[in-house]
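Structure record follows, encoded as structure tokens.
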2 protein chains.
Amino acid sequence: MTERGSSAAMVRGDSLLFLTDDQLRRGIEAMFFAYRGFTADPDRILIEHGYGRAHHRAVHFINRTPGTTVNNLLAILGVTKQSLNRVLRTLVEDGLVEARVGKRDKRERHLFLTDAGKELEQALSEAQRNRMRVAFRNAGPEAVQGFRAVLEEMMDPEMRRQYLDGVDQG
Amino acid sequence: MTERGSSAAMVRGDSLLFLTDDQLRRGIEAMFFAYRGFTADPDRILIEHGYGRAHHRAVHFINRTPGTTVNNLLAILGVTKQSLNRVLRTLVEDGLVEARVGKRDKRERHLFLTDAGKELEQALSEAQRNRMRVAFRNAGPEAVQGFRAVLEEMMDPEMRRQYLDGVDQG
DNA sequence: TTGGAAAGTCAACAAGGCTGACATAAAATG
DNA sequence: CATTTTATGTCAGCCTTGTTGACTTTCCAA
């Protein structure tokens, strides 16, 4: 992998990949259009349940890290506690999330999915994984590496930390 | 590039890339966290001007395709005309967008950025391009190819058409 | 014991989606 | 020419999800 002295050109194999403004604009539009596809399937499911993306996000990260506290969730989601609280309240009322008072620190609420919550999470993530799986397969293994590399570079440092935290096996 | 018979394994060079649910979950979170980074810089600029992402999207696509009609924009943005109209109205009132009555079809409004509109568009897209450029450079040219390939596969067919439409030189 | 952190609550507000209904002008069609 | 369809705009009202500000309760820790 060689790097040119030029500010906008990179060498890939034998073909030049120019990072012109137009190339970058295409990357920007790729993100915009792809994010729509990325959320489309879960959105349909959520509407049936009377929920929105905010509920999906909460359910996702509670599932990823069971027992996480409200404060942890706030840091990951990057919203105000009032916003998150509104979402969590409905999820608890609807019996999808359980908020257990902390044992060591009783101010904290540890969040868990109930069986019903796990069921919804499964439906949502399965739909999203299916699309991701098809995209990965069609694009090929090398593309998947590149996809992840670019997205990781696009994150703010704080978000990248959160992202790298959620690793199971490296 | 070889494909294994297995449903979840793909070969990349000599290392196996397993598409386990956990790998897919990481892809999902990568999208979530990266999209935040992707919008963070323009969001800051928009707030200073009292605008939101909806304005950014409109300005972006009017800049991409000057003279585009309201209906075209609706198809690209995937919102209702009421939603878009609210945004366009403020942009026209503020002198960032000009809506010219069509010559051949006088029902149509052809949308153009004014000089002030181009100025804002430049500020927004420059911020976004800078992040994209750094991400691309850090990830490397091969990663950029993969990034685009996966994102394109993630789009709904209709959106992919819109995406591929916006090509200048192939 | 007192300060401050964690969490919850209430109120108010705004952006930006949505639907439904209606108006207007102009093009297209019979 | 009459009718229908299309493109656009607009008003009213609703929802989700974000915001800020103020206030309370709980309770850990200095």
Side-chain angles (χ1 to χ4, degrees), chain A residues 32 35-36 39-40 42-62 67-94 97-112, chain B residues 32 35-36 39-40 42-62 67-94 97-112:
Chain A
F32 171 68
Y35 200 78
R36 288 254 291 279
T39 56
D43 279 357
R44 275 188 284 272
I45 297 172
L46 287 160
I47 284 172
E48 295 169 14
H49 292 253
Y51 292 133
R53 274 186 212 171
H55 300 83
H56 184 185
R57 291 195 281 265
V59 162
H60 173 97
F61 285 105
I62 293 172
T68 189
T69 64
V70 174
N71 246 6
N72 285 341
L73 216 45
L74 286 178
I76 289 175
L77 298 178
V79 297
T80 59
K81 61 176 179 175
Q82 293 91 333
S83 245
L84 176 57
N85 192 259
R86 182 169 37 201
V87 167
L88 284 180
R89 200 190 316 147
T90 71
L91 290 173
V92 169
E93 280 171 2
D94 296 352
V97 166
E98 193 192 340
R100 297 186 203 150
V101 173
K103 286 191 175 176
R104 293 198 297 199
D105 186 336
K106 293 176 188 166
R107 295 167 299 180
E108 293 179 341
R109 302 290 185 277
H110 297 276
L111 304 168
F112 299 87
Chain B
F32 171 69
Y35 199 77
R36 287 253 293 277
T39 55
D43 280 357
R44 274 188 285 273
I45 296 172
L46 288 161
I47 285 173
E48 294 169 15
H49 292 252
Y51 292 134
R53 275 184 211 172
H55 301 83
H56 184 184
R57 293 194 280 266
V59 163
H60 174 97
F61 285 105
I62 293 171
T68 190
T69 64
V70 173
N71 248 3
N72 285 341
L73 214 46
L74 285 179
I76 289 176
L77 298 178
V79 296
T80 59
K81 63 172 178 173
Q82 293 90 331
S83 257
L84 177 57
N85 190 259
R86 182 168 37 197
V87 167
L88 283 181
R89 200 190 314 150
T90 70
L91 290 174
V92 169
E93 281 172 2
D94 296 352
V97 167
E98 192 191 343
R100 297 185 203 150
V101 172
K103 287 191 174 175
R104 293 196 298 197
D105 188 334
K106 292 177 189 167
R107 293 170 303 178
E108 294 178 340
R109 302 295 137 85
H110 297 275
L111 303 168
F112 299 87

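No experiment lies behind these values; they were computed from the predicted model shown. Order of the sequence lines fixes the chain letters, A, B, ..., with proteins taken first and strands second; residue numbering starts at 1 for each chain.
For B:Ser83 and C:dG16, the shortest distance from a side-chain N or O to OP1 or OP2 is not below 4.0 Å. Listed pair A:His55 / D:dT17 meets the phosphate criterion, a side-chain N or O lying under 4.0 Å from OP1 or OP2. Residue A:Asn71 has a polar side-chain atom (N or O) positioned under 4.0 Å from OP1 or OP2 of C:dA7. When the side-chain nitrogen and oxygen atoms of B:Arg89 are compared with OP1 and OP2 of D:dT10, one or more of them lie within a distance under 4.0 Å. Between D:dT19 and A:Thr80, a contact under 4.0 Å exists linking OP1 or OP2 to a side-chain N or O. Between B:Arg57 and C:dA15 there is no side-chain polar atom (N or O) within less than 4.0 angstrom of OP1 or OP2. Contact annotation: A:Asn85 side-chain N/O to C:dT9 OP1/OP2 distance is under 4.0 Å.
Within 4.0 Å (heavy atoms only), B:Gly50 reaches no atom of the nucleic acid at all. The residue B:His110 sits apart from the nucleic acid: no heavy atom pair falls under 4.0 Å.
For B:Arg109, the listed nucleotide lying nearest its side chain is D:dT8; candidates were C:dA27, C:dA7, D:dT8. Picking from D:dT8, C:dA26, C:dG8 the nucleotide with the shortest atom distance to the side chain of B:Val70 gives D:dT8.
Among all heavy-atom pairs drawn from A:Ala99 and A:Arg109, the shortest one is CB-CB, 4.3 Å.
To the nearest angstrom, P of C:dG17 lies 9 Å from CG of B:Leu84. What separates CD1 of B:Ile47 from P of D:dT19 is a distance of 10 Å, to the nearest Å. A straight line from CG of B:Asp105 to P of C:dA25 spans 15 Å, rounded to a whole angstrom. Atom CG in A:Leu74 sits about 10 Å away from atom C1' in C:dA7, given to the nearest Å. Atom-to-atom, CZ of A:Arg44 to C1' of C:dG17 comes out at 17 Å; the value is rounded to the nearest Å. If you measure from atom CG of B:Asp43 to atom P of D:dG18, you get 13 Å, rounded to the nearest angstrom. What separates OH of B:Tyr51 from P of C:dA14 is a distance of 17 Å, to the nearest Å. Between B:His56 atom NE2 and C:dA15 atom P the separation is 18 Å, expressed in whole Å.
Rounded to the nearest 0.5 angstrom, A:Leu111 CG and A:Leu91 CG are separated by 9.5 Å. Distance OG1/A:Thr68 to CZ/A:Phe61: 10.0 Å, rounded to 0.5 Å. Here A:Leu74 contributes atom CG and A:Leu84 contributes atom CG; the two are 5.0 Å apart, rounded to the nearest 0.5 Å.
Side chain of A:Arg100 to main chain of A:Gly67: no donor-acceptor pair is present (N/O by atom type, distance under 3.5 Å, no hydrogens or angles).
Contact of B:Arg86 with C:dG17 (side chain to base): a donor-acceptor pair of N or O atoms is detected under 3.5 Å. Checked by distance alone, B:Gln82 brings no side-chain donor or acceptor within 3.5 Å of a matching partner on the base of D:dG13. For a distance-only test at 3.5 Å, the side chain of B:Arg107 qualifies as a donor-acceptor partner of the base of D:dT6. Applying the 3.5 Å distance criterion, the base of C:dG17 shares no donor-acceptor pair with the side chain of A:Arg53. Between the base of C:dA7 and the side chain of A:Lys81 there is a donor-acceptor pair shorter than 3.5 Å.
The nearest heavy atom of DNA chain D to A:Lys103 and to A:Gly78 marks one nucleotide each, and the one closer to the 5' end goes with A:Gly78.
Taking the six-membered ring for Trp and thresholds of 30 and 60 degrees, B:His49 and B:Tyr51 have nearly parallel ring planes, at less than 30 degrees apart.
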